[in-house]
Amino acid sequence: MSKSRPTSEASPLATAYLLVGLASVAILGLLLIENGGRWGLVPAMIGAAGLAFHWRSAPLIVLAGIALGQFAPFGPIELSWFSVPEMFPNRAALPSTVASNLAVCTATLVYVIVQYRLIGLSAGLFPPERKRDENPPRSGTAGSAELGTVLFTAAAVSVGTFLLWRLAGAVHRPWGILSMQWRLGVVAWLLVGGLAVAAAVLGHLGWRRLSRDEAAVYLQDGLWHETRGEQRRINRWRAWRLRRH
Amino acid sequence: MLTSRGWWLLLFIIALLAMGGVLVLQAGGFAGGRDSLFLLGLVLALWFAWEWAAFTIRARLAVRNLDLRRDLRDDRGPVKTLWAGQTFTVRGEVRLRGKLSIPHVHINDRPPACAGPVEGSLQFAGPLPAGGLAGWEFRVHCPAPGALRFEGARVRLADLQGFFYFEAFVRRPAVLAVLPKLVDAEARQRATKRFNLLPPPGIHRLRRPGSGSELLDLRDYRPGDPPKRIAWKASARRDKLITRELESEVPIRCTLFVDASDAVRLGPPGENALAGLTTIAATVAQAAAGNRDLVGLAVCDRRTCDYVAPARSPSHTVGLLRRLAKTANLAPATEAAAVGPLVERAYAFASEVYVDLLRPALNRFPAWLPYFSPQPGWTMRRPPAREVWLRIVRTLAWALVTAGIVIGLLGDDPASGSLAGGVVTLGALTLILAYAVWLPWGLLRGHRRRYGWRKKLAAVLAVLYRHPPGALALFLEDDACFAGELQRFLAEHQVPYDVPLYDGRGRYLFARPAKVGVIAKALLRAISRGHDNELYVVMADLLEMDEHLAPLLKAVRVARSRHHTVMLVCPCPTGLPAPSGARADAGDTSERLPPAGLPVADLVRRMAHARADRAWRNVRRAFGRMGVPVLNAKAGDPARLILHRMEQMRAVQGASRG
């Protein structure tokens, strides 16, 4: 029988997560500096500080920093305040080669996963409850296997995404649509369609496993929605009569 | 299902995809590194979608595979029956069946509401592998007779990053009776002056042989005597067969009439008048059973009576204790209770225990319904101030408009025409004002939210109690019916709730005079089945019911005419000092005028005490005329006095039989 074990911040798994996160941030910083100049140092330093101090908003700031470094030189809007040649040379922060790009994406994903996991280990996974005065439960761990699964998932998702992107480009383009636009459209449709199919399948599985009471509530609710007006009229007159007599 | 953490990350991922998409669209036919941002967003989006799918599968499928078991034990081992005043250990464990695992789960057991302080851990937090077991252990104290209801365990799931959250409740309701404390017959009986009763003149106690257990005498064996009665040692000494003669037993039949109406259910569970009455009844039943006396029980409320004929077997005694424990668990209910507070209390409970039945996918409530079709004031027992405002001002407005029209039609001079126009305009403005106040008033108040809760609870209650399909709509419109169902729901789950003591006209709602007739009928029924001189103990709240006591007094008169003994145990009002006979005899000291300058609270308390004293004296006078002693349930030791009376009856019966 397993027992509840509150996990401290200095647990071996947290330390392992921290090391992996720092390594991913280091790789990310090196690749960003190599491509985008000194600006690449900013997301990396914020990421490292976020890992060290468990900042909750650090992953979002890192993502915003990467997006800004990429969007500023190529974006459709000219940002006059952004033209600092020492910080932003006139090239994108993200690399253009597939291998470097894959490494940046994987490192960013690993960093995001690790940062949120560390926050979960220290501050808890559940949203705070206003009505209860109990402390939020902290996360227990599944041991070192958890970290391996996380790294494998990150790598698999990154490689899968790049493969998807490559396959989307290989699909025949009708009507002379530009290749990048066609590729973007295919991926967007795949993403939306996949999510819709997944939601439908999961929803159907959920319906199939309804309990007797849940199914009865659903049927009762459906009947009420269909005949709400008539039932309301009848019962209001009835309630009025009972109240009078 | 998404937490705020998840929403923020999702928002950033969508922003990354949008920005990357813009760059890709700008690129046209050649990427040149402009698809990097989109790819980064796509990587994050796919990973997020993967996590969502995995979490949803676990939330929808794995949670249903959780199997909760509960084990109660004391120092000697597992138990199935609880006893008041004792502490028990509860071991809970959840097993995850199936092949899915849960990366992080927080399980929180819900302790019974009527239990005392809980010691130990009630929760488990951590990963739960497929086939794994999560356990916890705590100790629970049973303060009073009644029942403990275990609902189940609250289960919360989250992914490892805290983006997704799901809450469920594994319901395994179990109601365990908490029986009154076990007492022995000797411990509850008076130690001194045990037989301080002189038999009536002409009656002398004469021991006679019977089939009891105490030795009366030895005599020579006669043919036909049962061999088991032969005293072998005495026979060996005298060299002839000697037979033992045993004393004759004089069992007393006692029937307890317990008032279980709403009048005695008021107050906190375990501390109300009903708890006191059931404790007395349980003590008498156990002690009498120890004396091999026969005990019966009649639990009466305002409509029905649950009668058990006197018997003395151990199973009968345990059955009586179970009935008393079940009775002690009853909660007060009145149809006059306001629906609003009950809905809030019930929804707070149901949102934890019946969270699966309140999900919007199953139990929807149209948000527009309270705006376009709210519950009208004319179906409410107590319309809210908003409805009263609309009704009054609207009536005034229509009166003004009508008056203006009448003036315009009947008036024949120009001045009356302008006056009519002014009055009609004033009426129209009043009508506009009425709705201008009524509409924002409705938007600001919380009745819309409460209306939604009411609909969801109505659906849940209609299903839980297996009502016909139209019950949902009925509960939405009929306040009295829904208030009754809500009280039933709350009482069944041992959730405390407030009930009004007085109606809108200031009348006490819990007097329940109908119970007197039910008790009287039960008493007459017991008398008609009586064998010998019996003891009838009526435990009922009869204060301030002087004009309704006639049926019971009549039944008591019948019992006394047949030489039965009747005792009355009456609980005094909670929160007031016990009325004393000495003070009553001294001549209404409590009814003297209070000193000047007394605070209002003390004044009210003093008046309440005087009123209770007066009611107590009236009851004593009414029953005392027939030789029925009236005991206070909260003062002295009524159980011991009842047992003492049984001993007196035993002595008299033994003497009369001799």
Side-chain angles (χ1 to χ4, degrees), chain A residues 1-2 4-5 60 63 66-67 70-71 74 76 92 94-96 101 105 108-109 112-113 116-117 119-120 125-127 137-140 142 157-158 160-162 165 178-181 184 187 191 195 198 202 205-206 209 213-214 216-218 220-221 223-224 231-232 235-236 239-240 242-243, chain B residues 3 8 12 16 19 21-29 31-34 36-37 39-40 42-44 46-47 49-50 53 56-57 60-61 64 104 106 123-127 133-135 156 158 160-162 165 356-357 362-364 376 378-379 381 459 462-463 469-470 472-474 477-478:
Chain A
M1 184 184 294
S2 55
S4 170
R5 292 173 301 177
L60 304 180
L63 290 179
I66 295 172
Q70 181 75 1
F71 203 71
F74 288 148
L94 292 173
S96 56
N101 210 357
C105 291
T108 308
L109 180 58
V112 169
I113 295 173
Y116 278 116
R117 182 64 180 130
I119 293 170
L125 296 172
F126 299 102
R138 297 188 174 188
S139 168
V157 168
S158 299
T161 305
F162 275 76
W165 186 244
L178 296 177
S179 64
M180 294 304 289
Q181 294 176 358
L184 183 68
V187 169
L191 198 63
L195 281 176
L202 291 176
L205 285 177
R209 293 174 66 92
D213 283 347
E214 285 173 326
V217 167
Y218 180 74
Q220 177 111 350
D221 197 62
L223 175 71
W224 179 72
Q231 290 199 63
R232 187 175 63 230
N235 285 306
R236 280 184 181 174
W240 175 79
L242 288 176
R243 189 174 152 261
Chain B
T3 61
W8 275 108
F12 268 70
L16 281 181
M19 293 165 73
V22 169
L23 292 181
V24 168
L25 290 177
Q26 270 190 329
R34 296 188 179 211
S36 304
L37 190 60
L39 280 172
L40 177 61
L42 194 59
V43 166
L44 290 170
L46 285 180
W47 172 74
W50 171 258
T56 306
I57 288 174
R60 288 187 186 252
L61 306 182
R64 296 183 186 277
H104 184 74
H106 182 237
Q123 59 183 5
F124 167 87
L133 203 62
R156 286 185 289 168
L160 290 176
Q161 280 72 34
Y165 168 78
D356 52 336
L357 303 183
L362 302 176
N363 201 347
R364 285 181 298 137
W378 44 270
T379 64
R381 278 175 307 183
V463 168
L472 198 163
L474 175 69
E477 308 299 338
D478 191 343

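Protein chains get the first letters and strands the later ones, always in sequence-line order, with residue 1 at the start of each.
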Quick check: does any side chain N or O of A:Asp221 sit under 3.5 Å from a backbone N or O of B:Arg364, one acting as donor and the other as acceptor?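 Yes: the side chain of A:Asp221 pairs with the backbone of B:Arg364.
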Compare all side-chain heavy atoms of [X] with those of [Y] and state whether any distance is below 4.5 angstrom.
X: A:Leu109; Y: B:Leu40; value: no
X: B:Leu160; Y: A:Ile113; value: no
X: A:Arg209; Y: B:Arg60; value: no

Any idea how B:Tyr165 and A:Phe126 line up, ring-wise: parallel (<30°), tilted (30 to 60°), or perpendicular (>60°)?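 Rings of B:Tyr165 and A:Phe126: perpendicular, over 60°.
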Over all atoms of both residues, closest heavy-atom pair of [X] and [Y]:
X: A:Gln231; Y: B:Ala473; value: OE1-CB, 3.1 Å
X: B:Pro469; Y: A:Gln220; value: O-NE2, 3.5 Å
X: B:Val43; Y: A:Val157; value: O-CG1, 3.5 Å
X: A:Val217; Y: B:Leu357; value: CG1-O, 3.9 Å
X: A:Ala239; Y: B:Asp478; value: CB-CA, 4.2 Å

At a heavy-atom separation under 4.5 Å, does B:Leu61 approach chain A through its side chain, its backbone, both, or neither?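 Both backbone and side chain of B:Leu61 come within 4.5 Å of chain A.
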Of the backbone (N, CA, C, O) and the side chain (C-beta and beyond), which part of B:Trp47 lies under 4.5 Å from a heavy atom of chain A, both, or neither?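 Looking at B:Trp47, backbone and side chain both touch chain A.
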Residue A:Leu223 versus chain B: region with a heavy atom under 4.5 Å: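 The side chain, not the backbone.
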Only pairs of heavy atoms separated by less than 4.5 Å count here; which of B:Leu39, B:Asp356, B:Thr56 has the most with chain A?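 Of B:Leu39, B:Asp356, B:Thr56, B:Leu39 has the most heavy-atom pairs under 4.5 Å with chain A.
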Please list, chain by chain and in numerical order, all residues satisfying side chain to side chain donor-acceptor pair (under 3.5 Å) with B:Arg64, sequence neighbours excluded.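 Side chain to side chain donor-acceptor pair (under 3.5 Å) check on B:Arg64 returns A:Glu214.
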Out of curiosity, B:Leu42 CG to A:Trp165 CH2, how far, rounded to the nearest 0.5 Å?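 B:Leu42 atom CG to A:Trp165 atom CH2 measures 7.5 Å (nearest 0.5 Å).
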